[in-house]
Amino acid sequence: MQTLTGLTLQDIEEITDTLGASKFRARQIHNWVYLKSASNIDQMTDLSAAFREELKQVAQVTDVKIAQKQESTDGTIKYLVEFADGGCVETVLMRFDNRANLTACVSSQIGCAVGCSFCATGKQGFVRNLTYKEIIEQVLVIQRDTGLKVTNVVFMGQGEPLLNLDNVLRAMEIFSQSFRIGARRLTVSTAGIIGGINELAARKMQSTLAVSLHAPNHAVRAQIMEIENKYNMADLKSALQNYTGQTGRRVTIEYLLIKGINDSTDAALELAHYIKDIKCNVNLIPYNSVDDRYEKPSGNAVMRFKSVLEQSGKKVTVRLERGADIDAACGQLRGRAGAAGVDTRQCGEQGSTILRGRLG
Ligand code: SAH
Ligand code: SF4
């Protein structure tokens, strides 16, 4: 039994060829999967009943389940998506004021090996990479459930996308070709995996690259992000300059503001100096509390930091907190029991065991 999600038009043509049907049928099936977000073959009403029966013998649309769903008062929806092996990840749908813009925040791995000190996913440890099909399923889960078409995808859920680059690249290709989501509406966020950044540069990717810098210098970054000891800020800067040169695209520097750690005026000045010769915008992210280790910055500190940085001539935005009442904000995705009432007992036994096993 084949699962249609993740198949390209050419892959679907192979199925229709085997069944002795025309390429036009393949196009219809393809559009039902990606654009009309069918959940099952019976919904594909422009195929004859007889052909649907034949197709059902060899294929199904999906093999994932929604294990849990939570809706925020601001319209954000968080899904706990369960894959065939019982593994689960969280996926978030964010709507902004402009309702035409529906952004899916997808996970690229179950857990994460990078282990940043402020991140809920990092605390979970690494379980496994997602396949490209599992990445695509997350967007389809949203589309099927809401009946709406996702317009933007950000790889800002669980996991480090550049440590699962092949699957992420293949998923991005399908987002562009099959979902018709333009490359510029796709954003990959990385903790700064230099090899991956160079690979994106070499491919001249037209998607957006966001980099979790989060500190104005090596010492502070090493204190909060272990990865700084492997890929330091000096090398990261060269990689970003190479990236902007090769792609012609501006990068987004993400900067998590944590009270008393990296939110001072001096830090803003030092950051301004570091990014001076990088073609970039800056997105400030007020820390979302995941435990007692760090605190949120004050509103004043955020505004002061922003205005100091703006004097350097860069465009600076502050990330709106979405879905705070359901722990759907950045860094709060854990995909496990205990997070905002998400109960992974509803996930398959195996997945729950993996997650429990990792978390003790
Ligand atoms: N692994 C990638 C993408 C997933 S994390 C990366 O690190 O970039 C998406 C964003 O959420 C990153 O910028 C990350 O640093 C940020 N984040 C992690 N924990 C957070 C927290 N507690 N509060 C706010 N943002 C957080
Ligand atoms: Fe992994 Fe990103 Fe979380 Fe760091 S912030 S632990 S890289 S998911």
Side-chain angles (χ1 to χ4, degrees), residues 89-92 94 103-130 135 138 153-165 167-168 171-172 186-194 196-197 200 207-215 220-231 236 239-240 251-259 261-263 280-297 302 317-324 327-336 339-340 358:
V89 292
E90 293 183 3
T91 303
V92 178
M94 294 171 289
T103 300
C105 174
V106 300
S107 297
S108 54
Q109 300 180 314
I110 302 184
C112 182
V114 179
C116 303
S117 63
F118 43 77
C119 172
T121 305
K123 296 187 194 311
Q124 188 182 329
F126 177 68
V127 181
R128 69 168 172 87
N129 278 335
L130 296 186
I135 295 171
Q138 297 170 59
V153 178
V154 297
F155 285 82
M156 293 187 186
Q158 290 159 274
E160 169 48 54
L162 298 193
L163 291 180
N164 184 16
L165 191 58
N167 284 300
V168 166
M172 287 172 81
L186 302 173
T187 299
V188 175
S189 175
T190 178
I193 309 296
I194 288 179
I197 296 171
L200 297 178
S207 48
T208 300
L209 179 67
V211 179
S212 296
L213 190 68
H214 302 343
V220 174
R221 195 162 192 262
Q223 184 193 337
I224 60 175
M225 296 175 78
E226 223 179 271
I227 195 174
E228 173 68 14
N229 295 314
K230 188 162 183 190
Y231 301 115
L236 185 56
L240 294 178
V251 293
T252 301
I253 298 289
E254 299 172 279
Y255 191 98
L256 181 64
L257 283 164
I258 308 175
K259 184 175 187 175
I261 302 279
N262 62 1
D263 64 343
C280 66
N281 298 322
V282 182
N283 190 215
L284 300 175
I285 315 172
Y287 168 71
N288 294 307
S289 199
V290 298
D291 60 20
D292 296 337
R293 185 162 176 178
Y294 300 121
E295 284 176 62
K296 279 177 188 294
V302 175
T317 49
V318 177
R319 185 169 303 171
L320 278 176
E321 196 178 5
R322 309 300 297 180
D327 281 0
C330 285
Q332 293 185 317
L333 305 185
R334 294 165 203 253
R336 67 161 174 95
R358 301 291 307 187

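We count ligands from 1, going down the list as the structure has it; atoms in each ligand are counted the same way. We number each residue from 1, following the sequence as shown.
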query = With a 3.5 Å cut-off and no angle check, do the side chains of S117 and Y294 form a donor-acceptor pair?
reply = yes

task = Enter the distance from C116:SG to M225:CE here, rounded to the nearest 0.5 Å.
result = 4.0 Å

inquiry  = Testing the basics here: between T121 and G111, what is the closest heavy-atom pair and its distance to 0.1 Å?
reply    = CG2-C, 3.7 Å

task = Enter the distance from I285:CD1 to L257:CG here, rounded to the nearest 0.5 Å.
result = 8.5 Å

note = Residue, atom and distance of the protein heavy atom nearest atom 20 (C) of ligand 1 read G331 CA, 3.3 Å

request  = State whether a side-chain donor-acceptor pair under 3.5 Å links E254 with N283.
outcome  = no

Taking atom 21 (C) of ligand 1 as the reference point, the nearest protein heavy atom with its distance = C330 O, 3.5 Å

query = Quick check: does F118 get an N/O under 3.5 Å from an N/O on ligand 1?
reply = yes

query = With atoms numbered from 1 as shown, which atoms in ligand 1 lie under 4.0 angstrom from a non-hydrogen atom of T190?
reply = 6 (C), 8 (O)

remark   = A student checking ligand 1 against F155 at a 4.0 Å heavy-atom cut-off should list atoms 3 (C)

task = Would you confirm whether Q138, through its side chain, and S107, through its main-chain N or O, come within 3.5 Å as a donor-acceptor pair?
result = yes

key: Minimum side-chain heavy-atom gap V188-T208 below 4.5 Å   = no

inquiry  = Show, in sequence, the C-alpha distance, side-chain angles and deciding distance for T187 and V153, and conclude whether the side-chain contact (heavy atoms from CB on, under 4.5 Å) test is met.
reply    = CA-CA 6 Å; T187 299; V153 178; over 6 Å; no

key: Protein N, O or S atoms lying under 2.8 Å from atom 3 (Fe) of ligand 2, listed by chain and number   = C119 SG

ask   = Between the side chain of N262 and the main-chain N/O of H214, is any donor-acceptor distance below 3.5 Å?
value = yes

key: Geometric N/O contact G159 with ligand 1, under 3.5 angstrom   = yes

message = Can you report which non-hydrogen protein atom sits closest to atom 9 (C) of ligand 1, along with the distance?
response = M156 O, 3.5 Å

Numbered atoms and elements of ligand 1 in range of Y287, under 4.0 angstrom, heavy atoms = 21 (C), 22 (N), 23 (N)

Close-contact set for ligand 1 against S189 heavy atoms, below 4.0 Å = 2 (C), 3 (C), 6 (C), 8 (O)

task = Just jot down the ligand 1 atoms closer than 4.0 angstrom to any heavy atom of I285, in number order.
result = 13 (O), 24 (C), 25 (N)

note = Between the CD1 atom in I197 and the CG atom in L240, the distance rounded to the nearest 0.5 Å is 5.0 Å

request  = Kindly determine whether F126 and Q109 satisfy side-chain contact (heavy atoms from CB on, under 4.5 Å), including the steps that lead there.
outcome  = CA-CA 8 Å; F126 177 68; Q109 300 180 314; 3.6 Å; yes

key: Selection from S212, A191, G157 by shortest heavy-atom distance to atom 4 (C) of ligand 1   = G157

Whether R221 side chain and L213 backbone form a donor-acceptor pair below 3.5 Å = yes

message = One pair to check against side-chain contact (heavy atoms from CB on, under 4.5 Å): I194 and K230. What are the steps and the verdict?
response = CA-CA 10 Å; I194 288 179; K230 188 162 183 190; over 6 Å; no

query = What part of L256, side chain from CB on, backbone N/CA/C/O, both or neither, has a heavy atom under 4.0 Å from ligand 1?
reply = side chain

task = Report the member of K296, H214, E254, Q109 with the shortest heavy-atom distance to atom 14 (C) of ligand 1.
result = H214

note = The answer for which part of N288 has a heavy atom under 4.0 Å from ligand 1 is both

